[in-house]
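Since we're looking at a predicted model, the values are computed, not measured.
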There are 2 protein chains.
Amino acid sequence: MLAPVAGKNRQTVYATLRRKVLTMELPPGASLSENELAAALGVSRTPVRESLILLAEEGLVQVFPKVGSFVSRVDPVRVADAQFLREAVELTALDDLPVVLDPDLLAELGDNLRRQDQPGIDLEDFFALDEEFHLGLLKLSGHGAAWATVSNAKGHLDRARRLGLHDATPPAVNAGQHRAIFDAVRAGDITEARSAMRTHLRAVFDDVERIRESNPELFASNDGSTPVRRNVVVWD
Amino acid sequence: MLAPVAGKNRQTVYATLRRKVLTMELPPGASLSENELAAALGVSRTPVRESLILLAEEGLVQVFPKVGSFVSRVDPVRVADAQFLREAVELTALDDLPVVLDPDLLAELGDNLRRQDQPGIDLEDFFALDEEFHLGLLKLSGHGAAWATVSNAKGHLDRARRLGLHDATPPAVNAGQHRAIFDAVRAGDITEARSAMRTHLRAVFDDVERIRESNPELFASNDGSTPVRRNVVVWD
DNA sequence: CGACAGACTCTTGTATACAAGTAACCGCAC
DNA sequence: GTGCGGTTACTTGTATACAAGAGTCTGTCG
């Protein structure tokens, strides 16, 4: 059951639905009836429908005319695409690092890393710090604006990571990789920074592959056929 | 005046409006009243509105509640962002080129280059070939899917290029740069390919800067202030 | 002549009504 | 039991009605 939201505008509905999809509260395959969502959120179909159109544009939702709307399964092709895009952007950004690094951003990143190292850290908190860390690195090279594109493209990747908590690399290991990148960046060793970043991103990608093997039902088939339509309605 | 479209569905309306914005038929600052567009296209407000929402998400349109919707001015920040993204993706893709290149794709690229070399080629045709060429290079390295993201992000860049035809690098020069990239790729010289690609993309970026100097009214101010709202209605 | 107030028009945002089609379900015939 | 046909409920797509605010224009008053 979805709780009604405060504001009844489209932005709120969109943000709510997007969050629920990304956090797997609405898992892949879940049915997203415009009428049901509108009733549950206490608004009319219009803002719900417009939100679904945007989510469909991001690939997080699939709309089948006259049939229904469903949360997308994780598409391996899109995951690989996001992985490549992310590597390309984050590695190239390292090449553009200025000689003198912004001390404020450096301090922020250092603080971020310290928080990542907290033992028993909540996974949602860790993901948030992870996002912030990578965004911070991009800002350091003056390409913070590119994060929006990367973030948008890697929606599928994130969903898989959030789900397969068991099979994923533990936060402590990720935090260690983050620190390796950060140390190399601070030392001005671009080559080492690139290497560490590549190792880190590849590890994330491998996580997704492991998750896929243990939770195949959340992934789309990769045989190039038409996407699955009728799905189990997992929600409620 | 906009001619009515064949199909009355949203996809058609969206494609029509997007094309008119990208080709500058609807120039930056043009007013986009949902009612007017609906009447002109022979549909209701609904598909028009949904199309405008998508275009706004791409940054091609700005919507001011209770005031109006307008074609966005070219935003230098977004242009630089798209430039960085494009460089990152296309250069990184070159690193991933396989040892043995797909002969079909090579033939396609060669044919494309021949068509680019036609003297007195129409500029719209050249832009189409340009797109196809860069997409082909990405396909060659197995990352064709990334083009969608690049293409989406570089909307602002394309608009500027299409407009400032006078100040832009002539097609023949661009075609020459394309051929230099292609030759290096075919020869397996990744370093040279990267160099040629960088030169080419930087030239495109410089074009935009020249266009900006001669057509400042089409660009948003880069002082970080709020975007211009009331604009000259260029259309009709 | 200038400034201010109010009406009016136009805008987007939201809610609702209608249209068209799909798929599931139920009952009947065999 | 099994297969088939019709009905029914539900889906998205589109059109329209209503709401609320912003901006302009005009008339009036000082």
Side-chain angles (χ1 to χ4, degrees), chain A residues 2 4-17 26 29-57 59-72 226-236, chain B residues 2 4-17 26 29-57 59-72 226-236:
Chain A
L2 296 177
V5 290
K8 304 194 173 191
N9 43 28
R10 185 185 81 224
Q11 288 191 344
T12 308
V13 172
Y14 170 75
T16 302
L17 289 178
L26 289 171
S31 174
L32 295 174
S33 160
E34 292 179 5
N35 282 318
E36 281 184 24
L37 290 175
L41 296 171
V43 297
S44 78
R45 270 185 64 202
T46 306
V48 171
R49 173 177 173 77
E50 292 173 352
S51 297
L52 287 183
I53 289 174
L54 287 174
L55 292 171
E57 185 66 17
L60 295 176
V61 163
Q62 280 180 300
V63 178
F64 300 97
K66 317 293 179 74
V67 175
S69 303
F70 306 90
V71 178
S72 299
T226 52
V228 187
R229 293 181 48 171
R230 256 311 158 196
N231 300 327
V232 195
V233 178
V234 188
W235 174 22
D236 107 333
Chain B
L2 296 178
V5 289
K8 303 194 171 191
N9 43 30
R10 186 185 81 225
Q11 288 191 343
T12 309
V13 172
Y14 169 75
T16 301
L17 289 178
L26 290 171
S31 175
L32 294 175
S33 160
E34 293 178 5
N35 283 317
E36 281 184 24
L37 290 176
L41 296 171
V43 298
S44 78
R45 271 184 63 202
T46 305
V48 170
R49 175 178 173 76
E50 292 173 351
S51 298
L52 288 183
I53 288 174
L54 287 173
L55 291 171
E57 185 66 18
L60 295 176
V61 163
Q62 281 180 299
V63 178
F64 299 98
K66 317 293 180 76
V67 174
S69 303
F70 307 89
V71 178
S72 299
T226 53
V228 187
R229 293 182 45 171
R230 257 308 161 200
N231 300 327
V232 194
V233 179
V234 188
W235 172 21
D236 108 333

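Residues B/Gln11 and B/Arg45 each lie close to DNA chain D; by heavy-atom proximity, the contact nearer the 5' end of the strand is made by B/Gln11.
If you take CG of A/Leu37 and C1' of C/dT14, they are 17 Å apart, rounded to a whole angstrom. Taking atom OH of residue A/Tyr14 and atom P of nucleotide C/dG13, one finds them 16 Å apart after rounding to whole Å. Taking atom CG of A/Leu55 as the reference point, atom P of D/dT12 lies 14 Å away to the nearest angstrom. Summarising the geometry, the separation between CG on B/Leu52 and P on C/dG13 is reported as 9 Å, rounded to the nearest angstrom. Rounded to a whole Å, the CZ atom of A/Arg10 is 13 Å from the P atom of C/dA15. Distance A/Asn9 CG to D/dA19 P: 19 Å, rounded to the nearest Å.
In plain terms, the two heavy atoms of A/Leu26 and A/Val71 that are nearest each other are O-CG1, 3.7 Å. Closest approach of A/Ala56 and A/Val63 over heavy atoms only: CB-CG2, 4.2 Å.
Contact check for B/Ile53 versus A/Ile53: no side-chain heavy atoms found under the 4.5 Å cut-off.
With hydrogens and angles disregarded, a donor-acceptor distance shorter than 3.5 Å links the side chain of B/Ser51 to the backbone of B/Tyr14.
Side-chain nitrogen and oxygen atoms of A/Ser44 include none within less than 4.0 Å of the OP1 or OP2 phosphate oxygen of C/dT14. Dashed line: the shortest gap from a side-chain N or O of B/Arg49 to OP1 or OP2 of C/dG13 is under 4.0 Å.
Results of the side chain to side chain contact (heavy atoms under 4.5 Å, CB included) test with A/Ser44 over A/Thr46, A/Leu41, A/Val48 single out A/Thr46 as the only residue that passes.
B/Arg45 is linked by a salt bridge (charged side-chain N to carboxylate O under 4.0 Å, His left out) to B/Glu34, counting only residues two or more places apart in sequence or in another chain.
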Write out a two-atom table: protein N or O, nucleotide N or O from nucleotides 9-11 of chain D, distance below 3.5 Å.
residue, atom, partner, partner atom, Å
D/dT11, OP1, A/Ser33, OG, 3.2

